[in-house]
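A short worksheet on the structure shown next.
Numbered from 1 within each chain, the chains take letters A, B, ... in sequence-line order.
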Protein chains: 2
Amino acid sequence: MVTATRMTAEDRRADVLRAAVREFAKAGYYGTSTEDVARAAGISQPYLFRLFPTKKTLFIELVQHGFGRVRAAFVTAVGDLSGEDAMHAMGEAYGDLLRDRDQLMLQMHFYAACEDAEIAEVVRREFGRLWREVVRLSGADDDGMQHFFAIGMLMNVIASMDATSHSSEWVKACVPPAWLTLGEA
Amino acid sequence: MVTATRMTAEDRRADVLRAAVREFAKAGYYGTSTEDVARAAGISQPYLFRLFPTKKTLFIELVQHGFGRVRAAFVTAVGDLSGEDAMHAMGEAYGDLLRDRDQLMLQMHFYAACEDAEIAEVVRREFGRLWREVVRLSGADDDGMQHFFAIGMLMNVIASMDATSHSSEWVKACVPPAWLTLGEA
DNA sequence: ATGCTGTGTGAGTAATCACTTACTTATGCG
DNA sequence: CGCATAAGTAAGTGATTACTCACACAGCAT
């Protein structure tokens, strides 16, 4: 097969990570094959293994990439706001993030893959970085922080089971107020 | 191979479900093989397929089994309490449940497997049943319910990454003091 | 004892897995 | 041009996957 244009390995790695987001979002670490990712990235599977030495290193880079996107979204959303206003802006931004189902399911697969010690270590580190970034941006106290993240994790679960598209009574009780008051401790 | 004692298919199915809890907890729907489950249950893999026609039906029964255990734990914990007292008792009971790492990781794998529509439907239904049971037992309003489940989901995530065993500053800020012994059970 | 029903298995299937070896070819630089 | 280097692949490796087919045998009723 003839390749139209060659790219630098660095650019190709970025392409692969973008494709990996889409592919791993579907079925997680164990349910996604390196062949799937290679095909989605438009490269051969052997070349995937040159860019990322093992499937696990690829997945771990994906964890860092995914949490990095959340941090970046929070920084952008907050701008020069602070306190309650910053918290509220981050809440809105997280709602937007969850509308990208790939990003959402990927997060769930990160936590689910934590039975693997190496992956768990990276997830812990990245979660801690995110936590500290939210503290820095909002200045919230422990209770406010706990509430912010707790609501976030509940929204993760609701979104993962696509409950808002199959609206029953309990979903109405649980979600709409949440989405609006997401940042209020 | 000679079988020491034969069981009724019904009893054997219960055995298999118990083994499936342990096995699927490790690596979820895609990461666990039917061979793993059969070996853990002490039966041959062909017989597993007689008891459960496909891997997915086994997993779906596991979802119902898992949520059923949480509901049962809540009913037991509440006894004849009600209101705030009932809510508090259920919170304690959920903490005990999370000390069983298999139960915890299984829950995370349920949500992660929701990209599959058939599984998602069962998870939604079971989550709804649990929600209504907590309403029934506590009589809490929407805000109270949301807070209860939000904290629960945050504790799930914290426990899945085993954060309490790798205590850093943010974990202490996030988790109620009583939960800090979670990793030592 | 015979035969029937239900519990259980040995030995397969084709497909797919993560990963490798050995190879080709595009591109920038002298 | 000539050639080193880096981008890229075809064709495998042995192991494992979900699932099946044909068969064995335990226990019970007659």
Take atom CZ of B/Arg6 and atom P of C/dG8, then tell me their distance rounded to the nearest Å.
6 Å
Does a sphere of radius 6.0 Å around CZ in B/Arg13 hold more than 12 heavy atoms from other residues, nucleotides or ligands, not counting ones at 6.0 Å or beyond?
yes
Positions of residues 114-121 of chain A (non-hydrogen atom under 4.0 Å from DNA chain C), listed by number
none
The complete set of side-chain hydrogen bond (donor to acceptor under 3.5 Å, both in side chains) pairs with one or both residues in residues 38-52 of chain B, sequence neighbours excluded, reads B/Thr34-B/Gln45
Which salt bridge (charged side-chain N to carboxylate O under 4.0 Å, His left out) pairs, counting each pair once, include a residue from residues 155-171 of chain A, with sequence neighbours left out?
A/Glu169-A/Lys172
Not counting sequence neighbours, which residues clear side-chain contact (heavy atoms from CB on, under 4.5 Å) with A/Ala20? List them please.
A/Phe24, A/Val37, A/Leu58, A/Leu62
Any side-chain hydrogen bond (donor to acceptor under 3.5 Å, both in side chains) pairs touching residues 108-121 of chain A, not counting sequence neighbours?
A/Lys56-A/Asp116, A/Lys56-A/Glu118, A/Gln107-A/Tyr111, A/Glu115-B/Arg101, A/Glu121-A/Arg125
Check residues 66-76 of chain B and write down every donor-acceptor pair under 3.5 Å in which the side-chain atom is one partner and the other belongs to a residue at least two apart or another chain.
unit_1: B/Arg71; atom_1: NH1; unit_2: B/Glu126; atom_2: OE1; d: 3.1
unit_1: B/Thr76; atom_1: OG1; unit_2: B/Ala72; atom_2: O; d: 3.0

Using whole Å, what does the distance between atom C1' of nucleotide D/dG8 and atom CZ of A/Arg13 come to?
16 Å
By side-chain contact (heavy atoms from CB on, under 4.5 Å) - contacts of B/Asp11 (at least two apart)
B/Met7, B/Thr8
What is the separation between atom CG on B/Leu58 and atom P on D/dT17, rounded to the nearest whole Å?
15 Å
If a pair satisfies side-chain hydrogen bond (donor to acceptor under 3.5 Å, both in side chains) and one of its residues is in residues 14-27 of chain A, list it, with sequence neighbours excluded.
A/Asp15-A/Arg18, A/Glu23-A/Lys26
Residues within residues 45-56 of chain B bordering DNA chain C, heavy-atom distance below 4.0 Å:
B/Pro46, B/Tyr47, B/Arg50
Hits for salt bridge (Lys or Arg N to Asp or Glu O under 4.0 Å) against A/Asp85, two or more places apart or cross-chain, chain-then-number order -> none
Residues at least two apart in sequence or cross-chain that pass salt bridge (Lys or Arg N to Asp or Glu O under 4.0 Å) with B/Arg124, listed by chain then number, are none
Output the residues of residues 15-40 of chain A in contact with DNA chain C, where contact means a heavy atom of the residue under 4.0 Å from an atom of the strand; sort by number or write none.
A/Thr32, A/Ser33, A/Thr34
